[in-house]
Amino acid sequence: MISPYSINKAVPLSDELREKNIEIEKKKQSSNFEAIKQSVLRFAESIKETNPNLAFSLQSADFTRGYDNCIVFEVNNSLSEQDIERNKQKIMAFVRQETGSDDFFIQVKCHLEKVETKVYTTADTYSYFVKKQKGVEKLKQVFDCDFEY
């Protein structure tokens, strides 16, 4: 015969207790994120003499927290992205050793801004200068200038 005291019954959590658990988990994740971020910056300081490019890339990167313990490094150029990607294992080993945290991974993103070039015609240039300085239109009329070839 099975005793009623030996059976584990699931007790539903109240909404209040569930919210407290969620808040505690968020605090743990944010403190873990900050510890990892500080550890990466200490790694950058430690390699400043031997690998200044990687140190600069790490110090200038924007750290954001991604999904499922993902730390995203947002860098400004593709060289920094490649440098961090090549040394990702060294960075992670240093952080794991220093923080004792083993449940994270690093992702590198490069946010390049694409520059659109536009060839300006003489009419575009003239309309730009008219908007900027109203006296240009008067000068065109006084000197009887024609910008069309």
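If you're wondering where the values come from, they're calculated on a predicted model, not measured in any experiment.
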Quiz prompt | Sub-4.5 Å side-chain heavy-atom contact between Ile47 and Thr50 | solution =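 Yes. Closest side-chain heavy atoms under 4.5 Å.
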Exercise. Using a 4.5 Å cut-off on heavy atoms from C-beta on, say whether the side chain of Val95 contacts that of Ile71.
Key: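 No, too far: nothing below the 4.5 Å cut-off.
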Self-check item: Candidate pair Glu34 and Lys37, rule side-chain contact (heavy atoms from CB on, under 4.5 Å), full reasoning
Solution: CA-CA 5 Å; Glu34 287 300 319; Lys37 180 179 176 181; 4.2 Å; yes
Return a table of donor-acceptor pairs under 3.5 angstrom between the side chains of residues 127-137 and protein atoms on other chains or two or more places apart.
from	atom 1	to	atom 2	distance (Å)
Ser127	OG	Ala123	O	3.3
Ser127	OG	Asp124	O	2.9

Quiz prompt | Side-chain donor/acceptor of Asp144 to backbone N/O of Lys140, under 3.5 Å | solution = no
Quiz item: Just by distance, do the side chain of Lys109 and the backbone of Val75 share a donor-acceptor pair under 3.5 Å?
Solution: no
Can you tell me how far apart [atom1] ([X]) and [atom2] ([Y]) are? Round to the nearest 0.5 Å.
X     : Y      : atom1 : atom2 : value
Met92 : Gln89  : CE    : CD    : 6.0 Å
Ser39 : Arg96  : OG    : CZ    : 11.5 Å
Gln82 : Ser57  : CD    : OG    : 10.5 Å
Ile84 : Gln107 : CD1   : CD    : 12.0 Å
Asn32 : Arg65  : CG    : CZ    : 9.0 Å
Leu58 : Asn53  : CG    : CG    : 11.0 Å

Quiz item: Would a hydrophobic clustering, with Ile, Leu, Val, Met, Phe, Trp and Tyr connected at side-chain separations under 4.5 Å, put Ile91 with Val72?
Solution: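 Different hydrophobic clusters.
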Quiz item: Do Glu45 and Gln59 have a side chain donor and acceptor closer than 3.5 Å?
Solution: yes
Practice problem: State whether a side-chain donor-acceptor pair under 3.5 Å links Ser80 with Asn77. | Solution: yes
Exercise. Give the minimum heavy-atom separation between Ala35 and Thr99, together with the two atoms involved.
Key: O-CG2, 3.8 Å
Exercise. Kindly state each residue pair satisfying ring pair (Phe, Tyr, Trp, His ring centres under 6.0 Å) with at least one member in residues 71-107, sequence neighbours excluded.
Key: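 Listed by first then second residue: Phe43-Phe94, Phe63-Phe73.
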